[in-house]
There are 2 protein chains.
Amino acid sequence: MSEIITQSIQDYLKHIYELNENGNTASTNDLAARLNIAPASVTGMLQKLASVSPALVVYKKHQGVTLTRAGEKAALEVIRHHRLLELYLVKALGYSWDEVHAEADRLEHFISEDFEARVAEALGHPERDPHGELIPTADLTMPMDESCPLASLRTDETATVKRVSDDDPALLRHLLEIGVLPEVKVIIENYSELDGNLTLHVEGQKSKIVLGTAITKRIFVEK
Amino acid sequence: MSEIITQSIQDYLKHIYELNENGNTASTNDLAARLNIAPASVTGMLQKLASVSPALVVYKKHQGVTLTRAGEKAALEVIRHHRLLELYLVKALGYSWDEVHAEADRLEHFISEDFEARVAEALGHPERDPHGELIPTADLTMPMDESCPLASLRTDETATVKRVSDDDPALLRHLLEIGVLPEVKVIIENYSELDGNLTLHVEGQKSKIVLGTAITKRIFVEK
DNA sequence: AATGTATTTTAGGTTAGACTAAATTATTTG
DNA sequence: CAAATAATTTAGTCTAACCTAAAATACATT
Ligand SMILES: [Mn+2]
Ligand SMILES: [Mn+2]
Ligand SMILES: [Mn+2]
Ligand SMILES: [Mn+2]
């Protein structure tokens with residue numbers, strides 16, 4: 001039984017996990033867009049993932065998929081690899097936080113459990129990756145994430161940045177430049193009803209900055 | 001033109017390089033044995049490698065293959081990855097020298113040129129891997145290897161161990177135990193005509209040891 | 001409730017890289 | 001040098017993971 005979980009399957013499961021995180025089922029089209037694979041091919045793979053034993057997803061025609069516990073464990077394994085690798089590349093090999101994603105996205109599929117354990121040890125069993133994303137534990141549970149989008153804050157609210165989306169290097173370079181990094185405090189000076197722009201003061205920075213929703217939806221904070 | 005060099009092709013080229021090292025052409029059967037692939041499948045791949053452009057091997061029916069310059073460069077790229085990775089795993093992550101081969105054999109195909117450069121830098125641009133094997137340079141040339149098999153030495157000769165075969169963990173653990181490591185000096189106390197056994201004194205060790213040809217052919221020394 | 005649009009699935013096909021069985025060619029040995 | 005044996009190649013299949021085009025279904029709007 002217990003089928004081989006290929007690189008391709010790992011990528012499907014990882015993206016299904018991320019789409020499921022907000023309680024949504026993962027739709028064929030969303031997955032196709034994320035994975036850069038034709039929707040028809042995604043349907044084929046989802047049907048396969050649902051019919052292996054143990055099943056990795058629950059599939060109902062036209063209604064997208066959710067992960068089974070087996071699928072979730074496989075997904076968390078890959079995500080743990082990814083995030084540990086990202087942090088290791090930064091800490092040990094001097095990568096900057098906008099460079100790590102692509103490298104980790106490949107290597108995540110090929111490191112051994114031994115390698116994973118040694119890297120975790122070398123890093124002191126960290127909780128978060130360079131972008132503040134939570135690292136699943138060695139026993140494959142995902143810690144609770146208490147954060148909400150910066151975009152949901154309003155004038156005079158105060159919060160601490162916890163994590164940022166890591167898939168756009170240009171955004172990461174910009175955030176580094178304006179000092180919006182994990183664990184940094186921000187104060188909302190103004191919220192614009194018209195465009196959703198936030199004007200905010202960033203701890204340690206002289207001038208205020210204005211950020212649109214394309215950015216503030218990708219920054220997560222705790223109040 | 002310039003075809004994609006897949007993981008599978010990289011493995012073929014690497015093993016062809018190693019078989020070619022002693023001036024021999026790489027035979028279908030030898031490759032099949034090393035790669036754990038049926039001879040018929042190897043023939044198919046060799047014909048393909050000979051017909052891509054630029055050609056990666058020179059193939060003549062029933063006579064095995066040799067690498068073209070393009071094939072050699074691709075092979076050296078993989079071998080450089082492998083040996084840098086092995087040394088990095090030992091130096092940075094605490095692997096022992098009998099544990100690194102399998103991990104490096106997978107990762108060699110998936111690290112970026114950037115990763116390679118950073119690892120080389122972190123290691124101070126080393127010349128040899130943990131087993132004493134020479135690391136191809138960044139511009140893909142293989143340094144001269146001046147060593148010869150320990151098995152070719154005779155009574156009263158003195159030599160320095162330069163490298164050992166890295167593909168048998170049990171042998172590596174044994175060599176570690178008896179102190180036969182790169183840069184260690186040995187003196188041949190006796191050579192047996194009958195079985196080829198060598199009795200030798202190893203620098204830093206109390207008692208003499210006797211090694212059969214299965215071992216002495218896999219240890220390389222300089223006089 | 002009917003129609004148009006968006007989403008998803010089905011059907012049929014391609015490619016890389018493996019396999020086995022059978023045929024061919026090369027090499028060794030009596 | 002002929003027969004046996006070993007090495008290699010050919011021919012035909014298989015599987016995973018993708019593709020496109022067409023069909024089916026679901027959903028949104030009037
Ligand atoms: Mn990936
Ligand atoms: Mn990250
Ligand atoms: Mn390999
Ligand atoms: Mn080695």
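Chain naming here is simple, since letters A, B, ... match the order of the sequence lines and numbering starts at 1 in each.
Here the nucleotide nearest the side chain of A/Tyr59, chosen from D/dT8, C/dA18, C/dT9, is C/dT9. With distances taken from any side-chain atom of A/Ala40 to the nucleotides C/dT8, C/dT9, D/dT10, the minimum falls on C/dT9. When distances are taken from the side chain of A/Thr28 to each of C/dT9, C/dT7, D/dT9, the shortest belongs to C/dT9. Closest to the side chain of A/Asn29, from the set D/dT8, C/dG17, C/dT8, is C/dT8. Across C/dT10, C/dG17, C/dT20, the shortest atom-to-atom separation from the side chain of B/Ala38 is found for C/dT20. In the set C/dT9, D/dT9, C/dA18, the nucleotide with an atom closest to the side chain of B/Lys61 is D/dT9.
Distance A/Gln7 CD to C/dA16 P: 17 Å, rounded to the nearest Å. Whole-Å rounding puts the A/Ile37 CD1 to D/dC18 C1' distance at 7 Å. As rounded to whole Å, 19 Å separates atom C1' of D/dA7 from atom NZ of B/Lys60. A/Gln10 places its CD atom 15 Å from the C1' atom of D/dA17, with the value rounded to the nearest Å. The nearest whole Å value for the distance from the CE atom in B/Met45 to the C1' atom in D/dT9 is 16 Å.
Dense packing is recorded around CD of B/Gln47, with more than 12 heavy atoms of other residues, nucleotides or ligands lying under 6.0 Å away.
Centroid-to-centroid, the aromatic rings of A/His131 and A/His101 stay 6.0 Å apart or farther.
Across the interface with DNA chain D, nearest-nucleotide mapping of A/His62 and A/Val42 shows A/Val42 to be the residue nearer the 5′ end.
Side-chain contact check for A/Gln10 and A/His81: no donor-acceptor pair (N or O, by modelled atom type) lies under 3.5 Å.
The minimum heavy-atom distance between A/Thr25 and A/Thr66, with the atom names listed, is CG2-CG2, 3.6 Å.
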